[in-house]
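The structure appears right after this line, and notes come after that.
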Amino acid sequence: GLSRLASVLAIKINITHCKLKKSIQNKLLEFFVLEVTARAAADLLGIQANSAIFLQKIREVISYHLALEADEVFDGQIELDESYFGGPRKGKRGRGAAGKVAVFGLLKQQGKVFTVVVENTRTETLMPVIARKIKTNSWVHTDTYRSYDALDVTNFTTNSQSFRTICGETKPHKWNRKFLESGEENTPKNNGIDRKNFPLFLKECEFWFNFGAPKEQLKTLRKWCGI
């Protein structure tokens with residue numbers, strides 16, 4: 001809404017009018033694209049370690065701009081998957097996912113990925129997202145998870161197999177691996193990602209996937225942040 005827009009506009013103003021020199025801001029953007037930690041970036045640039053505040057604002061700007069694209073409807077060949085992050089147990093669905101954050105993802109083949117944090121992965125939770133994001137009569141590829149059974153009686157053509165069977169080692173596994181590697185392996189290195197900041201982390205991963213090579217990512221962030 002308008003309050004959210006005003007909040008993000010303020011974020012952009014803070015970035016463009018912060019006390020850091022433009023050269024430092026640009027370097028921090030470059031380090032962000034290269035996934036350098038805030039502590040390492042501060043050490044390399046000889047600035048205070050609270051540069052993490054600046055990097056957090058970049059993530060908020062990313063989340064805002066991706067939210068502007070959230071109404072884009074996918075068509076053609078669409079792949080669905082759900083994952084869980086955090087918690088003591090890996091790879092569990094349903095009741096085995098206690099303590100984890102549920103994420104639902106849609107990938108347009110040869111296109112963009114859209115991800116959203118969901119309360120759970122039940123049919124009644126996932127179907128509204130599917131109906132909002134996917135054009136009717138599209139091909140929808142899923143695995144055999146029971147929450148997707150309802151697709152058989154909707155306006156989509158379904159193919160319920162594993163992504164690996166359909167697409168080999170292509171984008172569905174790539175974006176899923178990216179999130180899992182960032183969430184499970186890099187979280188300790190980055191001093192943890194709490195549940196409050198997880199949606200920003202998720203949209204950051206979505207940005208890495210959707211906006212190509214580092215050169216394109218840096219160009220996009222400079223535009224979005226007004227730097």
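- At least one donor-acceptor pair closer than 3.5 Å links the side chain of T220 to the backbone N or O of E216.
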(Q) Set out, in order, the CA-CA distance, both residues' side-chain angles and the distance that settles side chain to side chain donor-acceptor pair (under 3.5 Å) for T115 and E206, then state yes or no. (A) CA-CA 7 Å; T115 60; E206 189 176 315; 2.7 Å; yes
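- Side-chain atoms of K133 come within 3.5 Å of backbone atoms of A70 as a donor-acceptor pair (strictly under, hydrogens ignored).
- Looking at N26 and R222, their side chains come closer than 4.5 Å, going by heavy atoms from C-beta outward.
- Under a cut-off of 6.0 angstrom, the local environment of CD in E119 is sparse, with at most 12 non-hydrogen atoms contributed by other residues, nucleotides or ligands.
- In this structure, K112 contributes its side chain and L107 its backbone to no donor-acceptor pair below 3.5 Å.
- The backbone N or O of L218 sits nowhere less than 3.5 Å from a side-chain atom of E30 that would complete a donor-acceptor pair.
- Smallest separation of non-hydrogen atoms from F31 and A41: CD1-CB, 3.7 Å.
- Residues W208 and V33 share a closest heavy-atom pair of CH2-CA, 3.7 Å.
- In this structure, W224 and F207 have tilted ring planes: the angle between them lies in the 30° to 60° band.
- Between the side chain of K135 and the backbone N or O of G76, no donor-acceptor pair lies under 3.5 Å.
- Using a 30° and 60° split on the angle between ring planes, F198 and F201 fall in the tilted class, from 30° to 60°.
- One finds no salt bridge joining D71 and R132 here, because no Lys/Arg side-chain nitrogen approaches an Asp/Glu carboxylate oxygen to under 4.0 Å.
- K203 has no carboxylate O lying under 4.0 Å from a charged side-chain N of E60, or vice versa, which leaves the two without a salt bridge.
- Scanning both residues, L200 and S63, for their nearest heavy atoms gives CD2-CB, 3.6 Å.
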